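Since the structure comes first, as structure tokens, the remarks are kept for the end.
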Amino acid sequence: MSMPPATLKSQPSLSPSQIADLRLAASQLTGPKRRAFEAEMTLKYCGGNSLMAEAVFGWGRQTVARGLGERRTGIICLGAQAAFSGRKRWEEQHPHVAQALRQLAEAHAQQDPTFRTCLAYTRLTAQAALEALRDQGYGAEPLPSPSTMAAVLNRMGFRLRKVVKAKPQKKIKETDAIFDNIKKKTRKPSHQDASNDGVSIVKRR
């Protein structure tokens with residue numbers, strides 16, 4: 001025997017404070033989560049009657065009815081804005097070109113030597129990647145700008161890094177002492193040094 005549907009006369013025995021708390025909780029949610037919460041509270045306190053939920057909690061009965069339907073069928077309704085709005089990322093719009101880009105980046109990639117991150121550093125610049133893709137036959141239309149290409153590589157797990165040139169070592173005191181010692185050994189003896197050694201120099205007429 002099924003229970004009779006709830007009517008407006010059989011409103012739930014909730015205090016104004018409890019009703020305010022449920023309204024506040026619902027206001028913190030959006031979309032399917034909010035409809036699911038309203039449907040659950042409607043089943044618990046209003047016998048599944050969306051008209052009573054509207055009268056007691058101030059929720060739209062159409063929204064409550066949609067939430068009850070989603071709970072019953074397990075099918076989540078998507079609005080037109082949620083279903084069709086938003087622009088897809090470049091790699092989602094052009095998966096074949098993105099795959100070719102990934103292969104190029106992997107060929108020039110090097111794993112982080114510290115292994116602290118899962119990112120791989122690549123010596124391939126964004127401009128070089130664009131030129132390489134053009135050489136492979138991809139037209140200019142599906143290719144993004146260099147800045148977007150750099151962002152795509154980052155999303156793929158690659159981080160651009162400039163090639164670090166070899167830097168000369170800083171001079172230290174030991175280095176100066178070594179060069180001074182070499183200069184003393186390779187310096188030619190002067191006349192004064194020869195005289196100090198007890199060798200006399202005779203000038204011929």
Side-chain angles (χ1 to χ4, degrees), residues 1-106 112 116-120 122 126 129-130 133 138-160:
M1 181 177 180
S2 60
M3 297 179 61
T7 61
L8 293 178
K9 294 181 180 180
S10 58
Q11 292 187 1
S13 56
L14 292 173
S15 65
S17 177
Q18 291 174 324
I19 294 175
D21 290 342
L22 293 176
R23 287 179 177 177
L24 177 61
S27 65
Q28 302 301 315
L29 302 173
T30 58
K33 293 183 178 179
R34 178 168 182 169
R35 293 195 298 269
F37 176 79
E38 293 179 356
E40 192 68 28
M41 296 302 102
T42 300
L43 289 171
K44 184 174 182 179
Y45 296 109
C46 302
N49 191 321
S50 59
L51 184 60
M52 180 183 291
E54 182 181 45
V56 175
F57 301 109
W59 300 332
R61 60 178 179 269
Q62 294 180 350
T63 302
V64 175
R66 186 178 297 112
L68 291 170
E70 291 175 343
R71 188 180 187 279
R72 183 177 63 255
T73 62
I75 301 175
I76 304 301
C77 299
L78 294 178
Q81 182 177 4
F84 301 103
S85 64
R87 185 177 180 180
K88 293 183 178 180
R89 293 178 175 180
W90 176 84
E91 56 268 32
E92 296 175 352
Q93 297 178 8
H94 310 283
H96 298 292
V97 188
Q99 181 62 28
L101 174 63
R102 181 181 295 277
Q103 293 177 357
L104 285 172
E106 289 177 350
D112 183 5
R116 295 179 180 177
T117 63
C118 59
L119 287 174
T122 180
L130 290 172
L133 290 175
Y138 297 102
E141 183 177 354
L143 298 181
S145 62
S147 59
T148 304
M149 176 62 71
V152 171
L153 288 170
N154 287 336
R155 289 197 295 266
M156 288 183 174
F158 300 97
R159 178 172 294 176
L160 302 178

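Being a predicted model, the structure only gives us computed values, none of them experimental.
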What closest approach, in Å, do [X] and [Y] show between heavy atoms, and which atom pair accounts for it?
{"X": "A150", "Y": "A126", "answer": "N-CB, 4.0 Å"}
{"X": "T42", "Y": "S50", "answer": "CG2-N, 4.2 Å"}
{"X": "L133", "Y": "A100", "answer": "CD2-CB, 4.0 Å"}
{"X": "A25", "Y": "F37", "answer": "CB-CZ, 3.7 Å"}
{"X": "M156", "Y": "A98", "answer": "CE-O, 3.4 Å"}
{"X": "E54", "Y": "G60", "answer": "OE2-CA, 4.3 Å"}

Atom [atom1] of [X] and atom [atom2] of [Y]: how far apart are they, to the nearest 0.5 Å?
{"X": "L68", "Y": "R61", "atom1": "CG", "atom2": "CZ", "answer": "13.5 Å"}
{"X": "L24", "Y": "I19", "atom1": "CG", "atom2": "CD1", "answer": "14.0 Å"}
{"X": "Q28", "Y": "R34", "atom1": "CD", "atom2": "CZ", "answer": "9.5 Å"}
{"X": "H96", "Y": "Q99", "atom1": "NE2", "atom2": "CD", "answer": "10.0 Å"}
{"X": "L153", "Y": "T148", "atom1": "CG", "atom2": "OG1", "answer": "11.0 Å"}
{"X": "R35", "Y": "R71", "atom1": "CZ", "atom2": "CZ", "answer": "15.0 Å"}

Kindly indicate, with the supporting measurements, whether the criterion side-chain contact (heavy atoms from CB on, under 4.5 Å) is fulfilled by M149 and L101.
CA-CA 9 Å; M149 176 62 71; L101 174 63; 3.3 Å; yes
Can S145 and S147 be said to form a side-chain hydrogen bond (donor to acceptor under 3.5 Å, both in side chains), step by step?
CA-CA 5 Å; S145 62; S147 59; 3.2 Å; yes
Salt-bridge contact E70-R66 (side-chain N to carboxylate O under 4.0 Å):
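Between R66 and E70 there is no salt bridge, as every charged N stays at least 4.0 Å from the carboxylate O atoms.
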Heavy atoms from other residues, nucleotides or ligands near CD of E92 exceed 12 (cutoff 6.0 Å):
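More than 12 heavy atoms, drawn from other residues, nucleotides or ligands, come within 6.0 Å of this atom.
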Flag side-chain contact, heavy atom, 4.5 Å: W90 against V97:
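Yes, their side chains come closer than 4.5 Å.
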With side-chain contact (heavy atoms from CB on, under 4.5 Å) as the test, would you mind laying out the steps for V56 and L22 before giving the verdict?
CA-CA 11 Å; V56 175; L22 293 176; over 6 Å; no
Between the side chain of W59 and the main-chain N/O of R23, is any donor-acceptor distance below 3.5 Å?
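Checked: no pair found.
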Backbone N or O of R89 within a donor-acceptor pair of the R155 side chain at under 3.5 Å?
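Side chain of R155 to backbone of R89: no pair is present.
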